[in-house]
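Here the structure is laid out as structure tokens; the discussion comes afterwards.
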Amino acid sequence: MKLLVPITVFALLTTSRLPVFLPVASQKAPVASEPVAAPRKLVWSDEFTTDGVPDPAKWGYDVGGNGWGNKELQYYTKDRKENARVENGHLIIEAHKEAFQGRDYTSARLLTKNTATWMYGRFEIKAKLPSGVGTWPAIWMLGKNIATAGWPLSGEIDIMEHVGFDQGVVHGTIHSEAYNHVRKTEKGKHTSVPTASTEFHVYSIDWTAEQIDFAVDGQVYNSVTKAALGKTEAQWPFDQPFYLIMNIAVGGGWGGQKGVDETIWPRRMEVDYVRIYQ
């Protein structure tokens, strides 16, 4: 017959002359810690603290009224405070109904094409959007190589688009040679933002070599990945520098699908800040 004794004290009867063995504390092998990503740093921003025209060291303009490939109705102006100005800590991009250079509307399209470009990072823009049928505000990016590659091979990242006939809905989309709205293969999704035109919200993308996430107020609603789309330049042109654009279009192939309400103008997009982290 075997005598079973607890493992915490291994000993025989007190009359035994054998030594007493006490338990040895167990030793765990060290666990490798998970790698911690280095915190991103703010590399570029505009807080819009100085009234007047937008900072020319940061912003340039697209100018003209050629329809911009979308049958848009506005003429984009330059250095015209009626269409683009900083006041009370906000950038104002404002579209007006007025005869100008052969068009019936004016607006502004600001961009960083000649001042700053970036490859990868987190891009945050806090903005309040216009409302009204016929408005088409956008916060978006184009590949720096567009002059040589052309669109859509250059790539396009639409951080935020909104059309006034679908109030309270914002869209985040990518376009490439393989995936674009002309072919009806663009990769986009939308989300509900009921207060888009009455409150400020943060529209953002988190862009890496493998993935682009689209979010509103930190909530991701669309993700596109290189693994799913493909690695060729036609499929994934997002491994190169891009520049930022902000504008309000009037009418156009999408914004004007339900017509243009001629009684609502002027209409504005207000931007509280632009912040870019890498």
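Only a predicted model underlies this, so the values are computations on that prediction, with no experimental measurement involved. Heavy-atom basis, side chains included; hydrogens, waters and symmetry copies ignored. Starting from 1, each residue takes its place in the sequence as its number.
Between Met269 and Asn247, the shortest heavy-atom distance links the atoms CE-O, 3.7 Å. A pairwise comparison of heavy atoms in Gly64 and Trp68 identifies O-NE1, 3.3 Å as the closest pair. Of all the heavy atoms in Ile264 and Arg267, the pair that sits closest is O-NH1, 2.7 Å. Of all non-hydrogen atoms in Ser197 and Gln167, the two that sit nearest each other are OG-NE2, 2.9 Å. Across all non-hydrogen atoms, the minimal contact from Gln257 to Gly253 is CG-O, 3.1 Å. Smallest separation of non-hydrogen atoms from Ala127 and Ile139: CB-CD1, 4.2 Å.
Under the salt bridge (charged side-chain N to carboxylate O under 4.0 Å, His left out) criterion, Asp239 pairs with Lys226, sequence neighbours left out. Listed by chain and number, the residues in a salt bridge (charged side-chain N to carboxylate O under 4.0 Å, His left out) with Asp51 amount to none (sequence neighbours excluded). Residues satisfying the salt bridge (charged side-chain N to carboxylate O under 4.0 Å, His left out) criterion with Glu47, sequence neighbours excluded, are Arg275. Here Pro54 pairs with Trp59, Tyr61, Ala84, Leu91, Leu110 under the side-chain contact (heavy atoms from CB on, under 4.5 Å) rule; sequence neighbours left out. Among residues two or more places apart in sequence or in another chain, the side-chain contact (heavy atoms from CB on, under 4.5 Å) test is passed with Leu73 by Tyr105, Val250, Val260. Listed by chain and residue number, Thr77, Arg80, Asn83, His96, Glu98, Phe100 satisfy the side-chain contact (heavy atoms from CB on, under 4.5 Å) test with Thr106 (two or more places apart in sequence, or in another chain). Applying the ring pair (Phe, Tyr, Trp, His ring centres under 6.0 Å) rule to Tyr120 yields the partners Trp207; only residues at least two apart in sequence or on another chain are considered. In terms of the side-chain hydrogen bond (donor to acceptor under 3.5 Å, both in side chains) criterion, residue partners of Thr263 (sequence neighbours excluded) are, by chain and number, Asp261. His90 pairs by the ring pair (Phe, Tyr, Trp, His ring centres under 6.0 Å) definition with Phe200, not counting sequence neighbours.
Between Lys81 and Glu87 there is no salt bridge, since no side-chain nitrogen of the basic residue lies less than 4.0 Å from a carboxylate oxygen of the acidic one.
In the hydrophobic clustering of ILVMFWY residues, with side-chain heavy atoms under 4.5 Å counting as a link, Leu153 and Trp151 come out apart. Hydrophobic clustering keeps Ile245 apart from Ile93 (ILVMFWY residues linked when any side-chain heavy atoms are closer than 4.5 Å, directly or through intermediates). Note: the hydrophobic cluster containing Tyr203 does not contain Leu111 (ILVMFWY, side chain heavy atoms under 4.5 Å, direct or indirect links). Residues Val182 and Ile146 share a single hydrophobic cluster, defined by chaining ILVMFWY side chains whose heavy atoms lie under 4.5 Å apart. Cluster membership check: Met141 shares its hydrophobic cluster with Leu229, using side-chain heavy-atom separations under 4.5 Å among Ile, Leu, Val, Met, Phe, Trp and Tyr.
Between Leu129 and Val170, the closest side-chain pair of non-hydrogen atoms falls below 4.5 Å. The side-chain heavy atoms of Val271 and Tyr273, taken from C-beta on, include no pair separated by under 4.5 Å. With a 4.5 Å cut-off on side-chain heavy atoms, Val86 and Thr50 do not count as touching. The side-chain heavy atoms of Val202 and Ile125, taken from C-beta on, include no pair separated by under 4.5 Å. Side-chain contact between Trp136 and Asn70 is present, with at least one heavy-atom pair separated by less than 4.5 Å. Pro130 places none of its side-chain heavy atoms less than 4.5 Å from the side chain of Arg268. Taking the side chain as every heavy atom from C-beta outward, Thr173 and Lys187 never approach each other to under 4.5 Å. With a 4.5 Å cut-off on side-chain heavy atoms, Pro194 and Ser192 count as touching.
Between Phe238 and Phe242, the ring-plane angle classifies as tilted under the 30° and 60° cut-offs.
Using a distance-only test at 3.5 Å, with no hydrogens or angles considered, a donor-acceptor pair links the side chain of Ser107 to the main chain of Ile248. Remark: the backbone N or O of Leu244 is paired with a side-chain donor or acceptor of Thr112 at under 3.5 angstrom. Formation of a donor-acceptor pair under 3.5 Å by the Asp213 side chain with backbone atoms of Val220 is not found in this model. Side chain of Asn222 to backbone of Gly172: a donor-acceptor contact under 3.5 angstrom is found. Side-chain N or O atoms of Ser176 include none that pairs as donor or acceptor with a backbone N or O of Trp236 at under 3.5 Å. Here the side chain of Glu199 pairs no donor or acceptor atom with the backbone of Thr195 at under 3.5 angstrom.
The distance from the CD atom of Glu177 to the OG1 atom of Thr185 is 9.5 Å, given to the nearest 0.5 Å. The OG atom of Ser223 sits 11.5 Å away from atom CD1 of Ile205, with the distance rounded to the nearest 0.5 Å. Between atom CZ of residue Phe165 and atom NZ of residue Lys258 there is a gap of 5.5 Å, rounded to the nearest 0.5 Å.
Heavy-atom neighbours of His201 NE2 from other residues, nucleotides or ligands within 6.0 Å: above the threshold of 12.
Among residues at least two apart or in separate chains, there is no salt bridge (Lys or Arg N to Asp or Glu O under 4.0 Å) pair with a member in residues 157-172. Each salt bridge (Lys or Arg N to Asp or Glu O under 4.0 Å) pair with one or both residues in residues 124-135, not counting sequence neighbours, appears once here: Arg122-Glu124, Lys126-Asp272, Lys128-Glu270. Sequence neighbours left out, the pairs with a member in residues 56-73 that pass salt bridge (Lys or Arg N to Asp or Glu O under 4.0 Å) are Asp62-Arg109.
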Tell me, with the steps shown, if Ile157 and Ile212 meet side chain to side chain contact (heavy atoms under 4.5 Å, CB included).
CA-CA 9 Å; Ile157 305 171; Ile212 304 174; 4.0 Å; yes

Any chance you could lay out the side chain to side chain contact (heavy atoms under 4.5 Å, CB included) test for Met246 and Val274, step after step, and finish with the verdict?
CA-CA 11 Å; Met246 299 191 294; Val274 178; 4.1 Å; yes

Run the ring-ring contact (aromatic ring centres under 6.0 Å, His included) test on Tyr277 and Trp44 for me, step by step, so that the C-alpha distance in whole Å, both residues' side-chain angles and the decisive distance to 0.1 Å come before the verdict.
CA-CA 7 Å; Tyr277 302 84; Trp44 193 95; over 10 Å; no

Side chain to side chain contact (heavy atoms under 4.5 Å, CB included) assessment of Lys189 paired with Phe214
CA-CA 9 Å; Lys189 292 184 179 179; Phe214 296 78; over 6 Å; no

Start with the C-alpha distance between Thr135 and Trp265, add both sets of side-chain angles, then the distance that settles side chain to side chain contact (heavy atoms under 4.5 Å, CB included), and finish with yes or no.
CA-CA 10 Å; Thr135 59; Trp265 310 94; 3.7 Å; yes

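The six-membered or imidazole ring of Trp118 lies away from that of Tyr243, with a centre-to-centre distance of 6.0 Å or more. Remark: aromatic rings of Trp140 and His171 are distant, center separation not under 6.0 Å. Ring centroids of His181 and His175 are separated by less than 6.0 Å, placing the two rings close together.
Side-chain polar atoms of Thr232 and Gln235 form a donor-acceptor pair below 3.5 angstrom. Using modelled atom types and a 3.5 Å distance limit, the side chains of Gln219 and Tyr221 yield no donor-acceptor pair.
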